[in-house]
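Each remark here refers to the structure printed beneath this line.
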There are 2 protein chains.
Amino acid sequence: MVSERRSSPHSDPAGHPPLIETLDRAGLRITGPRRAVADLIDARSGLFSAQDLLDDAGRKRVPIGRATVFRALDLLEELGVVERIELPDGGHAYVACEPAHHHHAVCDGCGRVREVDDHALTDAIAEIERHTGWTVSGHRLELYGRCPECRTTAPAEASRS
Amino acid sequence: MVSERRSSPHSDPAGHPPLIETLDRAGLRITGPRRAVADLIDARSGLFSAQDLLDDAGRKRVPIGRATVFRALDLLEELGVVERIELPDGGHAYVACEPAHHHHAVCDGCGRVREVDDHALTDAIAEIERHTGWTVSGHRLELYGRCPECRTTAPAEASRS
DNA sequence: GAGGATATGAGACATGGTCTCGGAAAGACG
DNA sequence: CGTCTTTCCGAGACCATGTCTCATATCCTC
Ligand SMILES: [Zn+2]
Ligand SMILES: [Zn+2]
Ligand SMILES: [Zn+2]
Ligand SMILES: [Zn+2]
């Protein structure tokens, strides 16, 4: 479990279209399980783990195989609408997001995730290439901290360094 | 296994002092196993996994417990001289490095790792904080690409995207 | 509908890491 | 040195997160 989301009015925070649509537009088969996984993800906000989805599914009495969930996540990840991110503690979690290249800021208070664009980093990387003679073909950046809501409220509530 | 290192003359690439010294200076107990792990790491260059160390140890007939290797890695990581980094494919690997904050460029040809400093990124993050209202307390950046040596040689050899 | 391509689910397997616990050994001190 | 206390170690169970296999079920096209 990644972090129990308090049910908030953020069910569709960034106004993503339903994920299932992405599968459809990509010409992939729309199957029951895929729709189910897509819906489960749509119903969440912020971080989630594959296990979270499995748990959700169990709670809603929608039986889905473990492998299927991972396969669906792989698909969605390839399509760029779900990303697997690295947590500060070394664990992984997934998050729904836009296909365009970007990065994520993760709130360690509430698990909210905010997409962050790339601008400044692109320059920084060009600079690094010039400096080092390396060719940088990809990168991964994750930011950790507190969202505006959590910054003003109690700084308490879990979080490892 | 993270990537079989071709034995190269880079045994001590950045001129790190022996890792065992770090443990010593930190006032930690110098035990046989810790020394062994430190030496095994010193003898490597580039990326390695805990399993790599275990294999090395086996080959050299230096029996070390699995848990002990992980414990030593944890220690060294806390001291900042070893870091666990995320690979493009989602796997993990360790690498010896300087304690100062920095990031890593990983060559997908040969597994070499180069430390990269933080300058431009710091500005970028300040900018993001101003923009989003978030407080960013930590971050993680990994660069993937090709080192100068590998760029000139065959672009072959594994690597996904 | 019927049929062939494709996806699913159960569960074995793999990997990477943690935990527990009795026994071993470092280091302090005399 | 020898002893004592504290810490560490190793074996192996355990766990979480994924992946694979293969027989079965489902889509989707015709
Ligand atoms: Zn928050
Ligand atoms: Zn980027
Ligand atoms: Zn290289
Ligand atoms: Zn940095």
Side-chain angles (χ1 to χ4, degrees), chain A residues 1-4 19-20 23-40 47-58 61-79 82-95 160, chain B residues 1-4 20 23-40 47-58 60-79 82-95 160:
Chain A
M1 199 256 331
V2 150
S3 82
E4 207 47 68
L19 283 180
I20 191 68
L23 290 174
D24 197 10
R25 254 182 280 119
L28 293 166
R29 277 201 183 168
I30 305 305
T31 68
R34 280 177 185 173
R35 183 185 302 279
V37 171
D39 290 350
L40 289 175
L47 296 173
F48 60 90
S49 67
Q51 191 56 51
D52 288 337
L53 297 183
L54 253 353
D55 293 346
D56 290 357
R61 298 296 149 85
V62 185
I64 314 183
R66 236 163 75 82
T68 302
V69 169
F70 281 104
R71 285 189 283 237
L73 285 171
D74 286 349
L75 268 185
L76 293 168
E77 197 174 3
E78 254 159 53
L79 295 175
V82 159
E83 203 167 306
R84 196 172 83 154
I85 68 185
E86 167 106 0
L87 302 177
D89 69 8
H92 290 145
Y94 300 85
V95 63
R160 20 232 166 309
Chain B
M1 197 252 337
V2 150
S3 81
E4 207 46 67
I20 191 68
L23 291 174
D24 197 8
R25 252 180 285 119
L28 293 166
R29 275 199 187 170
I30 307 304
T31 68
R34 281 177 183 173
R35 181 185 303 277
V37 171
D39 289 351
L40 289 174
L47 296 173
F48 61 90
S49 66
Q51 192 55 52
D52 288 337
L53 297 183
L54 253 354
D55 293 347
D56 290 358
K60 298 192 177 178
R61 301 293 150 85
V62 185
I64 314 182
R66 229 164 78 83
T68 303
V69 170
F70 282 104
R71 286 188 281 234
L73 285 170
D74 286 350
L75 266 186
L76 293 168
E77 198 174 3
E78 253 159 54
L79 295 175
V82 158
E83 203 167 305
R84 198 173 82 156
I85 68 184
E86 167 107 0
L87 302 177
D89 69 8
H92 290 145
Y94 299 85
V95 63
R160 16 230 161 314

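Treat the numbers as computed from the prediction; the structure is a model and nothing was measured. Order of the sequence lines fixes the chain letters, A, B, ..., with proteins taken first and strands second; residue numbering starts at 1 for each chain.
Note: CG (B:Leu53) to P (D:dG10) measures 14 Å, nearest angstrom. One interatomic measurement links the two molecules: CG of A:Asp89 to P of C:dT18, which rounds to 10 Å at whole-angstrom precision. With rounding to whole Å, A:Gln51 atom CD is found 14 Å from D:dC15 atom P. Here the C1' atom of nucleotide C:dT8 and the CG atom of A:Asp74 are 15 Å apart, to the nearest Å. Nucleotide C:dA26 holds its P atom 15 Å from the CG atom of B:Leu23, rounded to whole Å. Following rounding to the nearest Å, B:Arg71 (CZ) and C:dA25 (C1') show an atom-to-atom distance of 14 Å. Put simply, CG on A:Leu47 is 13 Å from P on D:dT17, counting in whole angstrom units. The separation between A:Leu73 atom CG and C:dA7 atom P is 16 Å, rounded to whole Å.
Both B:Gly32 and B:Arg66 lie close to DNA chain C; mapped to their nearest nucleotides by heavy-atom distance, the more 5′-ward contact belongs to B:Arg66. Two residues, A:Ala72 and B:Ala50, neighbour DNA chain C, and the one matched to the more 5' nucleotide by heavy-atom proximity is A:Ala72.
Judged by atom type and distance alone, B:Arg84 does not reach the base of C:dG16 through any side-chain donor-acceptor pair under 3.5 Å.
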Close N or O pairs between protein and nucleotides 27-30 of chain C (under 3.5 Å):
unit_1, atom_1, unit_2, atom_2, d
C:dG27, OP1, B:Ile30, N, 3.2

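For the atom pair CG of A:Leu53 and CZ of A:Phe70, the computed distance is 9.0 Å after rounding to the nearest 0.5 Å. One distance of note links CZ of B:Arg84 with OH of B:Tyr94; it measures 5.0 Å at 0.5 Å rounding. Between the CG atom in A:Leu79 and the CG atom in A:Leu76 there is a gap of 6.5 Å [rounded to 0.5 Å].
Within the 4.5 Å cutoff, the side chain of B:Leu73 has heavy atoms near those of the B:Phe48 side chain. Residues B:Val82 and B:Val95 are not in side-chain contact: their nearest non-hydrogen atoms beyond the backbone lie 4.5 Å or more apart. At a threshold of 4.5 Å between non-hydrogen side-chain atoms, the residues A:Ile85 and A:His92 do not count as touching. Counting heavy atoms from C-beta outward, B:Leu87 and B:Leu47 have side chains that approach closer than 4.5 Å.
A sub-4.0 Å separation between OP1 or OP2 of C:dT15 and a side-chain N or O of B:His92 is absent.
Across D:dT19, D:dC20, C:dT20, the shortest atom-to-atom separation from the side chain of A:Ala67 is found for D:dC20. Proximity note for A:Tyr94 (side chain, C-beta onward) versus C:dG9, D:dC9, D:dG18: the nearest is D:dG18. Nearest nucleotide to the side chain of A:Phe70, out of D:dT21, D:dG18, C:dG16: D:dG18.
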Pairs of donor and acceptor atoms involving the side chains of residues 24-40 of chain B, under 3.5 Å and at least two apart or interchain, shall be tabulated with distances.
unit_1, atom_1, unit_2, atom_2, d
B:Arg25, NH2, B:Glu21, OE1, 3.0
B:Thr31, OG1, B:Arg34, N, 3.3
B:Arg34, NH1, B:Arg29, O, 2.9

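Within 4.0 Å (heavy atoms only), A:Arg34 reaches sugar-phosphate atoms of the nucleic acid but no base atom.
Residue pairs that meet the side chain to side chain donor-acceptor pair (under 3.5 Å) test with at least one member in residues 67-76 of chain B, sequence neighbours left out, do not exist here.
Axis angle between the ends of the helix from C:dG1-D:dC30 to C:dG30-D:dC1, five pairs each and rounded to 10 degrees, works out to 30°.
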Practice task
Begin with the C-alpha distance, continue with both residues' side-chain angles, and end with the deciding distance and a verdict on side chain to side chain contact (heavy atoms under 4.5 Å, CB included) for B:Leu54 and B:Gln51.
Solution key: CA-CA 5 Å; B:Leu54 253 354; B:Gln51 192 55 52; 3.8 Å; yes

